[in-house]
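The first residue of the sequence shown is numbered 1, and numbering continues consecutively from there.
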Amino acid sequence: MENYKYNHQETVSRRSFLKIFGAGTAAAAVAACTGKKQDSKATEEYKKQVEPPVGQMTYRTNPKGDKVSLLGYGMMRLPTKVDNDKEFDQDMINRQVDYAIEHGVNYFDTSPVYCQGQSEHCTGIALSRHKRSEYFVATKLSNFNSQFWSKEKSIEMYRNSMKELQVDYIDYYLLHAVGGSMDEFNHRYVENGIMDFLVKEREAGRIRNLGFSFHGYKAVFDEVLALVEKYHWDFVQIELNYLDWDFANEINNRNVDAHYLYDELQKLGIPAVIMEPLLGGRLANLPQYLVNELKQRNPERSVASWAFRYAGTPEGVLTVLSGMTYMEHLKDNLLSYCPLTPLTEEEMEYLHGNIATKIVGLENIPCNDCKYCMPCPYGVDIPGIFVHYNKCKNDGILPRDTGDPEYRSNRRKYLISLDRSVPRNRQADHCIGCGQCEPHCPQNIRIPRELRKLDQMIEELKRNA
């Protein structure tokens, strides 16, 4: 891994970060319970902690006057039915959307490609049961494949989004996953005339805010952002969390550190919409020793809440997206933002200098479980394989040297847990290296290469019984 190089002229320093983020204090009052007479009071205090309050959501206002909830609902990991994980549970989706709106959430983010193409449809059903004034809906022109690069196909995708979402205007419309190259950007949006079309749609009021989401190279970000004079970007969606703030480029040299992206947007007064505050769950599923550290500092807060408070603290952030599959996720995230207690300077230094540096040292496969690489034409469960490997590595049960006294035990644990997590016909040995998945990975993982390495490791484990 290359040494991290810090460019003071291009990026804000860690001390500047503290100025950007401001200072806040957190106070958690926990009632002690001794004796039956105090049981009722203790129960009420407990409910206040686990049930997010209504009417306490923190909001941010964009330059056009939209009052947006700091917590945004990412509709990319929707719940499925218990008895059939191939079918989305619309009743549960409706319940969770209702609960979110009741607690002040008003920003819902989706895409034509999320949830095997079903996210917009499910989101439209859930939101159409509410007044249109109660929510902002964001979706994307997800024309990744060249077959959708024509103006006609792109417009068809745009209009189908309105149909599926059951709306006659879109509040926030994004060019999806900009960053691979300027040639690709021009093919997808400029040469086919689609940008001119979208600008006219904004002028007509059918798009209220126009922006893009970014994954990729710094040079592409700079060049696309510079088009603000021509296209007047209303917002930009970036990946920001306490690991990516300083270490995105060190983990993968095709990624850009979040502090640079955020600072460039701030210079232009463009609001930032934040994705991956948990890095696909990685910052909620830390190794146990790091969990223990965070719990010692604040036992009443979840591990995930540290990442959400971090992402929500900078004033240039409009909303922080979270893919909340379960009601428990929704409630915990609401507790972080109803209202937000900004991180203190000391807490930010702690996350940067202690937790983030230790996570970087783990050298995991940087998979966020976003599933953009799926479906694999050969049935390989790519994110499932990577998530399983990272978990075993973080838990310290990754089998290493055969001379290690724990080798046999860890070998057995790894192979058994792999078969439980990923069906055998969907494991790494079924990858043929076609590479269809790789261009879609926002983390720029060399997927076939990583799968090949894991397959070789697994074969060695099977031989060394």
Side-chain angles (χ1 to χ4, degrees), residues 58-76 101 104-112 114 119-120 123-124 127 130-143 154-155 157-162 164-179 185 188-190 194-215 221 224-240 261-262 264-275 312 314-321:
T58 296
Y59 291 89
R60 297 277 167 76
T61 304
N62 82 351
K64 291 185 177 180
D66 289 349
K67 188 179 178 183
V68 179
S69 58
L70 188 53
L71 178 61
Y73 209 131
M75 309 298 284
M76 68 179 296
I101 290 177
V105 175
N106 65 7
Y107 190 101
F108 295 84
D109 173 88
T110 181
S111 159
Y114 290 169
S119 177
E120 286 186 329
T123 301
L127 289 177
H130 295 268
K131 294 179 182 178
R132 185 64 179 89
S133 59
E134 290 183 342
Y135 62 88
F136 301 114
V137 65
T139 193
K140 307 170 183 72
L141 184 54
S142 306
N143 58 346
S154 293
I155 291 175
M157 179 178 285
Y158 162 71
R159 288 180 173 154
N160 190 63
S161 290
M162 286 195 183
E164 295 287 7
L165 290 166
Q166 303 183 42
V167 297
D168 53 13
Y169 65 91
I170 295 171
D171 299 284
Y172 292 81
Y173 198 64
L174 300 92
L175 313 181
H176 198 177
V178 167
F185 178 86
R188 287 174 67 183
Y189 305 118
V190 180
I194 196 66
M195 277 308 305
D196 293 334
F197 169 80
L198 294 177
V199 168
K200 289 179 181 177
E201 287 295 284
R202 180 173 58 186
E203 291 171 355
R206 288 183 286 273
I207 294 174
R208 296 188 57 251
N209 296 276
L210 181 61
F212 64 91
S213 65
F214 173 77
H215 298 278
F221 177 81
V224 174
L225 191 63
L227 293 171
V228 66
E229 296 296 327
K230 183 175 182 179
Y231 298 128
H232 304 287
W233 305 121
D234 297 301
F235 69 108
V236 175
Q237 189 165 304
I238 61 172
E239 189 170 300
L240 187 152
L261 303 176
Y262 177 82
E264 292 304 298
L265 294 178
Q266 283 294 96
K267 290 176 184 176
L268 297 171
I270 298 175
V273 170
I274 303 307
M275 57 184 163
E315 294 181 359
V317 167
L318 183 65
T319 188
V320 179
L321 302 178

Distance check, rounded to the nearest 0.5 Å: [X] atom [atom1] versus [Y] atom [atom2]?
X	Y	atom1	atom2	answer
T110	K140	OG1	NZ	6.5 Å
Y73	D109	OH	CG	12.5 Å
R208	N62	CZ	CG	7.5 Å
L174	D234	CG	CG	10.5 Å
R202	I170	CZ	CD1	13.5 Å

If we ignore angles and hydrogens, is there a donor and acceptor under 3.5 Å between the side chains of Y173 and E201? no

Cation over ring, R132 on Y169, under 6.0 Å and within 45°? yes

Kindly indicate whether the side chain of Y135, heavy atoms from C-beta on, has any atom under 4.5 Å from the side chain of V167. yes

So do I238 and I274 actually touch side chain to side chain, heavy atoms under 4.5 Å? yes

Please confirm whether Y189 and F212 have ring centers closer than 6.0 angstrom. no

For K64 and N209, work out which heavy atoms get closest and say how close. CD-OD1, 3.3 Å

Mind checking ring-ring contact (aromatic ring centres under 6.0 Å, His included) for F221 and listing every partner two or more places apart, or none if nothing turns up? F214

Qualifying residues under ring-ring contact (aromatic ring centres under 6.0 Å, His included), relative to Y172, sequence neighbours excluded: Y107, F235

More than 12 foreign heavy atoms under 6.0 Å from CD of E134: is that the case here? yes

Pair K200 + E203: basic N to acidic O under 4.0 Å: no

Partner set under side-chain hydrogen bond (donor to acceptor under 3.5 Å, both in side chains) for K230, not counting sequence neighbours: none

Are the side chain of N106 and the backbone of S69 linked by a donor-acceptor contact shorter than 3.5 Å? yes

Is the backbone N or O of M75 less than 3.5 Å from a side-chain atom of S119, with the two atoms forming a donor-acceptor pair by type? yes

